Amino acid sequence: MNNREKFGTRLGFILISAGCAIGLGNVWRFPYITGEYGGGAFVLIYLIFLIILGLPIMAMEFATGRASQKGIARSFDTLEPEGSKWHIYKWFAVVGNILLMMFYTVVAGWFLNYSVKMASGQFVGATTESTAAVFTGMLANPGELAFWTLLVVAVGAVVCSLGVQKGIEGVTKVMMLGLLALILALVVRSVTLGGSAIDGIAFYLMPDFSKIFSDFNTAGEAIYAAMGQSFFTLSVGIGSMAIFGSYIGKDRALFGEAMTIGILDTTVALLAGLIIFPSCFAFGIEPGSGAGLAFITLPNVFEQMPLGQLWGTMFFLFMACAALSTVIAVFENIIAFGMDQWGWSRKKSSLVTGVAIAILAMPAVLGMDPALGNYLPIGGTVDGLEDFIVSNNLLPIGSLVFLMFCLHKRGWGWENFLAEANTGSGLKFPRWLYYWMKFGAPVLIIFILIMGWIPTIQGLLA
């Protein structure tokens with residue numbers, strides 16, 4: 001236990017944890033749903049759910065890691081009462097991490113690829129039709145996708161093989177500080193475009209409660225979207241945060257650390273919208289959502305800007321940094337599993353993990369050709385199925401496991417959790433949240449789990 005690697009600085013812990021939370025989904029999805037559901041009004045609802053649901057569970061993951069000095073492989077084994085079976089969940093958690101990397105490394109490769117495409121001038125003179133053709137051409141080219149996917153896998157494995165301080169902390173600090181510098185520069189460029197850019201800012205952030213409460217169905221959709229975003233954005237439930245809890249000391253209380261990470265995660269997501277909406281409005285282009293926004297709409301927007309090639313390259317580098325920070329964080333969780341569970345050396349576990357993910361990512365690479373269509377009954381494609389298993393099932397189920405483990409006497413228990421979470425200076429975990437965490441939070445998580453299945457069930461029955 002005394003030989004456990006540690007982060008060298010608190011900043012390193014904050015940035016790598018935030019890097020895990022700051023992923024592609026909240027950067028390209030959060031701005032769109034914020035604009036769609038009332039701007040600042042939606043953000044307010046989102047922040048409420050973040051504080052009462054997402055951040056407490058993040059603190060619980062940190063606490064299990066710090067108290068056990070282990071990642072998900074051995075944290076439950078160390079803290080659970082003798083004879084109990086909480087540790088069985090670790091196998092589902094590590095499978096969740098692996099599944100996540102099986103498709104996430106592919107999508108992360110898209111952004112590295114587009115950074116090069118944009119920097120080389122491939123989108124000069126682009127139109128919406130030509131950018132769409134480039135994107136679909138990339139998806140239909142397994143060789144191109146495989147190259148960039150393997151590059152991402154290599155980055156994750158090599159960085160983690162260098163150790164916590166020299167590799168993960170050192171690289172992530174530079175990457176995250178670079179990400180923040182890039183996003184601030186892009187925001188300044190976007191909000192000063194003139195013309196209708198100001199209308200994009202108003203559409204994005206001006207509170208408009210009428211968009212939420214215009215009717216019952218819309219209100220329900222908006223509240224569920226805010227709840228789901230506050231929950232999924234932090235990547236809690238599969239041990240991705242517990243591992244970093246095991247690398248920190250006891251000088252800081254954990255709810256305050258979770259709050260800092262949540263603020264940083266939300267700030268980056270909000271700033272991403274200040275890049276997207278003013279830019280799209282300034283050039284009269286309808287902002288979409290998801291991959292179409294990032295890879296079809298925005299290259300066309302940047303092409304119309306002065307120095308658009310530069311700004312476009314910076315944008316895709318920003319997105320690549322967001323993706324790679326998550327890849328490194330999740331790789332470390334998988335690598336630490338091999339080290340804690342089977343006693344592997346860091347280099348051996350990094351090599352095994354890198355080779356395994358490189359092989360396991362190939363079905364997603366081969367299944368992305370648009371000509372194949374949605375050929376699977378659940379998820380549509382291989383990457384869609386993998387995403388569905390992780391996001392719609394393992395994250396909420398895993399969060400329930402951590403919640404129950406930290407609350408019940410047959411698990412680690414509330415008093416043990418509270419003592420660990422509140423050790424050190426800073427914002428403490430409120431004792432009065434006990435009844436909410438025991439009865440209210442599980443209901444919300446089960447609701448998220450059920451709602452995640454409804455569209456799939458409807459599709460299967462159609």
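FYI, the numbering just counts along the sequence from 1. Every value quoted in this text rests on a predicted model; they were computed, and no experiment measured them.
In terms of heavy-atom proximity, Cys280 sits nearest to Thr297 at SG-CG2, 4.1 Å. Summarising the geometry of Pro455 relative to Met451, their closest heavy-atom pair is CD-O, 3.2 Å, with the distance given to 0.1 Å. Residue Ala226 comes nearest to Ile45 through the heavy atom pair CB-CG2, 3.7 Å, listed as atom of the first residue, atom of the second, then distance. Considering every non-hydrogen atom in both Leu264 and Leu15, the closest pair reads CD2-CD2, 4.1 Å. Ile357 and Ile98 get closest at one heavy-atom pair: CD1-CG2, 3.9 Å. Closest heavy-atom contact between Ala322 and Tyr104: O-OH, 4.3 Å.
A parallel orientation is assigned to the rings of Phe92 and Tyr89, their planes being inclined by less than 30° (bins at 30° and 60°). Between Phe302 and Phe315, the angle of the ring planes lies from 30° to 60°, which puts this pair in the tilted group. The aromatic rings of Phe7 and Phe244 sit tilted, their planes meeting at an angle between 30° and 60°.
Centroid-to-centroid, the aromatic rings of Phe231 and Phe49 stay 6.0 Å apart or farther. Aromatic ring centres of Phe316 and Trp110: separated by at least 6.0 Å. Phe402 has its ring centre no less than 6.0 Å from the ring centre of Phe62.
Applying the ring pair (Phe, Tyr, Trp, His ring centres under 6.0 Å) criterion to Phe331, with sequence neighbours excluded, gives no partner residue. Qualifying side-chain hydrogen bond (donor to acceptor under 3.5 Å, both in side chains) partners for Thr128, counting only residues two or more places apart in sequence or in other chains: Asn300. Checked against ring pair (Phe, Tyr, Trp, His ring centres under 6.0 Å), Phe123 has the following partners two or more places apart in sequence or in another chain: Tyr114. Scored by the ring pair (Phe, Tyr, Trp, His ring centres under 6.0 Å) test, Trp453 finds Phe388 as partners (sequence neighbours excluded). For the side-chain hydrogen bond (donor to acceptor under 3.5 Å, both in side chains) test, residues two or more places apart in sequence or in another chain that qualify with Ser279 are Ser190. Qualifying side-chain hydrogen bond (donor to acceptor under 3.5 Å, both in side chains) partners for Glu61, counting only residues two or more places apart in sequence or in other chains: none. With sequence neighbours excluded, the residues forming a side-chain hydrogen bond (donor to acceptor under 3.5 Å, both in side chains) with Arg346 are Glu5, Glu332, listed by chain and number. With sequence neighbours excluded, the residues satisfying ring pair (Phe, Tyr, Trp, His ring centres under 6.0 Å) with Tyr46 are Phe30.
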Could you go through Ile389 and Ile378, starting from their C-alpha distance and side-chain angles, then the distance that decides it, and tell me whether this counts as side-chain contact (heavy atoms from CB on, under 4.5 Å)? CA-CA 9 Å; Ile389 294 171; Ile378 296 179; over 6 Å; no
Walk me through whether Ser246 and Arg4 qualify under side-chain hydrogen bond (donor to acceptor under 3.5 Å, both in side chains). CA-CA 8 Å; Ser246 74; Arg4 187 74 173 175; 2.8 Å; yes
Pair Val365, Met362 - check side-chain contact (heavy atoms from CB on, under 4.5 Å), show working. CA-CA 5 Å; Val365 166; Met362 289 304 109; 4.0 Å; yes
Before giving the answer on side-chain contact (heavy atoms from CB on, under 4.5 Å), spell out for Leu449 and Asn392 the whole-Å C-alpha distance, their side-chain angles and the decisive distance to 0.1 Å. CA-CA 6 Å; Leu449 179 65; Asn392 294 53; 6.0 Å; no
Start with the C-alpha distance between Trp91 and Phe337, add both sets of side-chain angles, then the distance that settles ring-ring contact (aromatic ring centres under 6.0 Å, His included), and finish with yes or no. CA-CA 10 Å; Trp91 301 107; Phe337 189 95; 5.4 Å; yes
Quick one: do Arg10 and Glu257 satisfy side-chain contact (heavy atoms from CB on, under 4.5 Å)? Show the steps, please. CA-CA 9 Å; Arg10 179 184 174 222; Glu257 302 297 80; 2.8 Å; yes
Residue pair Phe203, Phe281: steps toward the ring-ring contact (aromatic ring centres under 6.0 Å, His included) verdict: CA-CA 9 Å; Phe203 170 81; Phe281 272 68; 5.5 Å; yes
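Going from atom CD1 of Ile248 over to atom OG1 of Thr9 covers 12.0 Å, rounded to the nearest 0.5 Å. Distance check, rounded to the nearest 0.5 Å: OG1 of Thr34 to CD of Gln229 gives 7.5 Å. Atoms OG1 and CG, from Thr233 and Asp265 in turn, are 3.5 Å apart once rounded to the nearest 0.5 Å. With rounding to the nearest 0.5 Å, the separation of CD1 in Ile33 from CD in Glu36 is 8.0 Å. Here the CD1-CE distance, from Ile334 to Met101, works out to 6.5 Å after rounding to the nearest 0.5 Å. Separating the CG atom in Leu53 from the CE atom in Met227 is a distance of 8.0 Å, to the nearest 0.5 Å.
The salt bridge (charged side-chain N to carboxylate O under 4.0 Å, His left out) pairs that include a residue from residues 376-403 number zero, where partners must be two or more places apart or lie in different chains. Pairs engaging residues 198-208 under the side chain to side chain donor-acceptor pair (under 3.5 Å) rule: Asp208-Ser210 [sequence neighbours left out]. Applying the salt bridge (charged side-chain N to carboxylate O under 4.0 Å, His left out) test to pairs two or more places apart or on separate chains, those with a residue in residues 108-124 are Lys117-Glu144.
The shortest distance between side-chain heavy atoms of Pro299 and Met118 falls below 4.5 Å. Residues Thr381 and Met368 fail the side-chain proximity criterion, which asks for heavy atoms closer than 4.5 Å. Within the 4.5 Å cutoff, no side-chain heavy atoms of Met102 are placed close to those of Pro363.
For the pair Asp340 and Lys90, the salt-bridge criterion is not met [side-chain N within less than 4.0 Å of a carboxylate O].
At least one donor-acceptor pair closer than 3.5 Å links the side chain of Asn97 to the backbone N or O of Ala93. Looking at Ser349, its side chain does come within 3.5 Å of a backbone N or O of Ile335 through a donor-acceptor pair. When atom types are taken as modelled, the side chain of Ser399 and the backbone of Leu395 share a donor-acceptor pair closer than 3.5 angstrom. Side chain of Thr192 to main chain of Arg189: a donor-acceptor pair is present (N/O by atom type, distance under 3.5 Å, no hydrogens or angles). Under the 3.5 Å distance criterion, the side-chain polar atoms of Ser240 are left unmatched by any main-chain donor or acceptor of Val236. When atom types are taken as modelled, the side chain of Ser17 and the backbone of Ile14 share no donor-acceptor pair closer than 3.5 angstrom. Judged by distance alone, the side chain of Glu303 and the main-chain N or O of Thr127 form no donor-acceptor pair under 3.5 Å. Without hydrogens or angle criteria, Thr136 side chain to Ala133 main chain gives a donor-acceptor distance under 3.5 Å. No side-chain donor-acceptor contact under 3.5 Å links Lys166 to the backbone of Val171.
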Under 3.5 Å, which donor-acceptor pairs link side chains of residues 145-160 to any protein atom two or more places apart or in another chain?
from   : atom 1 : to     : atom 2 : distance (Å)
Trp148 : NE1    : Asn113 : OD1    : 3.3
Thr149 : OG1    : Leu145 : O      : 2.7

